[in-house]
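I have placed the structure first, in the form of C-alpha cells, so that the comments after it can refer back to it.
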Amino acid sequence: MQTHTQDGREPAVKTGLFGYQLLTDPRFNKGTAFSQAERDQFELNGLLPPAIGNLDEQVSRRLQVLRSFETDIERYAFLRDLQDTNETLFFALLIENLEELLPIVYTPTVGEGCEQFSRLYRKPRGLFLSYPQRSNIERILSHPSFDDVRVIVVTDGERILGLGDQGAGGMGIPIGKLALYTGCGGIDPSATLPIFLDVGTDNAARLADPLYIGWRHERLRGQEYDDFIETFVDAVRRRWPNVLLQWEDFAKNNATRLLERYRDRLCTFNDDVQGTAAVATATLLAAMNVTGRPLAEQRFAVLGAGSAGCGISAQLTHALVEAGVNAKEARGRFFLIDRDGLQVEGAKEYASFQRPFVQAAPVVQGWKLEQPDRISLLDVVRNAKPTVLIGVSGQKGAFTQAVVKTMTTNCERPIIFPLSNPTSRAEATPEDIEHWTGGRAVIGTGSPFPPLTRDGKAFKVDQTNNSYVFPGIGLGVTAIDATRVSDGMMMAAARALAAVSPALGNSKDSLLPPIASLREVSVTVALAVALQAHSEGLVAHPVATDEIEGLIRRAVWVPRYRPYTRGR
Ligand SMILES: NC(=O)C1=CN([C@@H]2O[C@H](COP(=O)(O)OP(=O)(O)OC[C@H]3O[C@@H](n4cnc5c(N)ncnc54)[C@H](O)[C@@H]3O)[C@@H](O)[C@H]2O)C=CC1
Ligand SMILES: CC(=O)C(=O)O
Ligand SMILES: [Mg+2]
C-alpha cells in the first residue's frame with residue numbers, strides 16, 4: 001500500500017521494469033500519462049505517442065469509446081482488456097462511473113462474459129490451477145508477483161450465477177468479484193488474486209467446443225475432488241497464512257460442505273451462502289421501515305433450497321432470535337421450496353445444510369393443494385401465508401402472477417425479492433410485481449433493473465446483491481488482519497448496511513443506498529466487521545478500538561499514478 005510522506009508527496013515505487021516491459025505490465029503502465037522525465041528515465045521515448053496526457057483525460061477518452069459500442073458484451077471485453085493493460089486507468093474509470101459500469105463488470109454482463117470466456121480470452125489474469133497440475137500448486141503460488149496477496153476469490157465454475165456449469169469460463173466471476181473488491185472496497189489490486197480450480201466440466205457444449213480453454217475432462221467428484229481442494233487450501237495457508245479466501249459459485253453439494261470444513265482453519269467465507277444472507281438480512285431489516293411490521297412477525301417463503309436459500313434462512317433465523325423469537329419457532333417460520341416442492345419431513349432425504357429448514361409434517365396437514373403429491377410455491381403462499389417471498393432458484397418467471405397476487409392477500413405490503421442472477425434468471429421482473437400487486441410490494445432484485453414509475457416519478461429498484469457487503473468485509477478483514485470470518489461479523493455487516501438505509505428516515509425512499517455510494521458503504525461495513533472481529537478476539541495483532549476506523553480509511557486504495565524510481 002502507498003502512503004504519503006510527511007511533506008505530502010508520495011514515496012516513489014521502485015520497479016525494475018523499463019521500456020516495453022513497463023508499458024505491458026498492467027500494474028505499472030500509465031500509457032500516455034508517463035511524464036517526459038519518466039520517458040527519459042525508463043527508456044519509453046519512441047514507444048509512446050508524443051502527447052503527454054493525464055488520468056482524467058484518459059478516463060474521458062476511454063468512456064467515450066466504451067459508450068460507442070453497441071452491446072454490453074463488447075463493453076465487457078473492452079473493460080477486461082483495459083484492466084489487463086492499465087489497472088489504474090481501469091479502476092479510475094470504474095470508480096467514477098460505478099452505476100453505469102457495474103452491470104458490465106458484474107451482473108448481468110459478467111454472466112455472458114463467462115459463457116464467452118474462451119472466445120474473449122486474451123491475457124493472463126489470476127491463476128488457473130488444474131487437476132493435472134496438482135503436484136505443482138505450491139510452486140505456482142510461490143511466484144514473487146503474488147507476494148502481496150491479501151484476498152483470493154476462488155471458484156470451480158460449477159454454479160456460475162444461475163447459468164450452471166461454465167467450466168473454466170467461471171474464471172470471469174473471481175475476476176469480476178475482485179474488480180469490486182478494489183472498485184467498491186478499496187483493496188489494492190496487487191493484493192487481489194482470482195483463482196480458478198479446474199476439475200473439469202460437465203457442460204457438454206464446452207467439452208465439445210474446439211476453442212474451450214479449460215481442462216477437457218468430465219468433472220472430478222468424490223475423494224479426488226476433496227483431495228485436490230485440500231491440497232489447494234494447504235498450499236494457500238502455507239503461502240499466505242492470513243489471506244482472506246472467498247469461495248464463490250460452487251455447486252450446492254460442495255458450497256456449505258467446504259465452508260464448514262475450512263471456516264475454522266483459515267480466514268474464509270462463502271459469498272453465496274453468507275454474503276447473500278447478509279445483504280438479504282440488511283435489505284429486510286430496512287424493509288421493516290417501509291412496511292411497519294417488525295421482523296419478529298414475518299413468515300418467509302424461499303424458492304430454492306440451495307446455498308443462498310439456506311444461507312439466507314440461517315442468518316434470518318439468528319436475526320429473529322435476536323428479535324426475541326424462540327429458536328424453534330424462528331426456524332418454523334421458513335418454508336423452503338425446491339424442485340420437488342416444499343421441504344417437509346418424510347418427503348425425501350435432505351442435505352445437512354437443508355435439514356434445519358425442513359417443515360414438520362403436521363404443519364402441512366389439512367393444506368389444500370393443487371396436486372396431492374407435491375406442495376408447490378403457490379400452495380405454500382396460499383396456506384402458510386408468508387409475508388416475505390425470496391427467490392434464489394435461478395428460475396426465470398417462477399414468481400407467477402398467481403403467486404405474487406396471492407402474496408397481497410397475506411399482508412398489506414408483501415416483501416418480494418427475486419434475487420437470482422443474471423437478469424435473465426430473475427424469478428419475476430419488478431415491473432410485473434409492481435403491476436400485479438398494484439404497487440404494494442416492497443421489491444429487491446439480484447441484478448439491476450430499470451426504475452419503476454411510482455406517483456408519476458422514477459423509483460429506483462433496490463439491487464439486493466452481495467456486492468453491498470463482500471467488498472466491505474474484505475476491507476475490514478484485511479485492514480485489521482482478522483484471523484477468521486465469524487457469523488457475528490456477518491451479522492455486523494448486515495446491521496451496518498441496514499443502518500445506512502435511506503428508508504430509515506423516509507419510508508418512501510430506497511431500501512439500500514445508491515450503487516454510486518458503494519465505496520462509502522464498504523467503509524461503513526468494513527468498520528462494523530472489524531469492530532466485531534476485534535470484540536471477538538479474532539485479530540492477529542493487538543489494536544486499540546479507536547484506531548480501527550483510521551486503519552480502514554488509510555487502507556483504501558485510490559487509483560492515481562504514483563511516481564516510480566528504477567531499482568529492484
Ligand atoms: N442476489 C445475490 O446477491 C445472489 C444471488 N444468487 C442467485 O441465486 C441463485 C441460486 O444460487 P445458489 O443458491 O448458490 O444456487 P444453488 O444451486 O445452491 O441453489 C439453487 C436451488 O434452486 C433449486 N431449484 C432449481 N429449480 C427450481 C425450481 N423450479 N423450483 C424450486 N427450486 C429450484 C435447485 O434445486 C437448488 O437447490 C442463482 O441464480 C444466483 O445467481 C446467489 C448468490 C447471491
Ligand atoms: C451475486 C452472486 O454471488 C451470485 O449470483 O452468485
Ligand atoms: Mg456468487
Checklist entry - Salt bridge or not for Asp226 and Arg261, using N-O below 4.0 Å? => result yes
Item to check | Contacts of type ring-ring contact (aromatic ring centres under 6.0 Å, His included), residue Tyr225, not counting sequence neighbours | outcome: none
Item to check | Rounded distance [0.5 Å steps], OG1 in Thr406 versus CZ in Arg382 | outcome: 5.5 Å
Checklist entry - When you measure from the side chain of Asp379 to the backbone N and O of Glu370, does any donor-acceptor pair fall under 3.5 Å? => result yes
Checklist entry - Should the heavy atoms of other residues, nucleotides or ligands under 6.0 Å from NZ of Lys396 be counted, would the total exceed 12? => result no
Next on the checklist: Any salt bridge linking Arg293 with Glu412? Criterion: basic side-chain nitrogen under 4.0 Å from a carboxylate oxygen.
Outcome noted: no
Checklist entry - Just wondering, more than 12 heavy atoms not from Glu218 lying within 6.0 Å of its CD? => result no
Next on the checklist: For Phe300, run the ring pair (Phe, Tyr, Trp, His ring centres under 6.0 Å) check against Phe334, Phe335, Phe417, Phe357 and tell me which one passes.
Outcome noted: Phe334
Next on the checklist: I'd like to know if Asp202 pairs up with Arg221 as an ion pair, taking the criterion as any Lys NZ or Arg NE/NH1/NH2 lying under 4.0 Å from an Asp or Glu carboxylate oxygen.
Outcome noted: yes
Checklist entry - Under 4.0 Å between a Lys/Arg side-chain N and an Asp/Glu carboxylate O for Arg206 and Asp165? => result no
Checklist entry - CG of Leu303 to CD1 of Ile337: how many Å apart, nearest 0.5 Å? => result 6.0 Å
Checklist entry - Among Thr437, Ile416, Ile415, which one satisfies side-chain contact (heavy atoms from CB on, under 4.5 Å) with Val442? => result Ile415
Checklist entry - Should we say atom CG of Asp373 is surrounded by more than 12 heavy atoms from elsewhere, each under 6.0 Å from it? => result yes
Checklist entry - Among pairs that include at least one residue of residues 314-336, which meet side chain to side chain donor-acceptor pair (under 3.5 Å), considering only residues two or more places apart or in two chains? => result Glu322-Arg495, Glu329-Arg333
Checklist entry - Residues in ring-ring contact (aromatic ring centres under 6.0 Å, His included) with Phe232, at least two apart? => result none
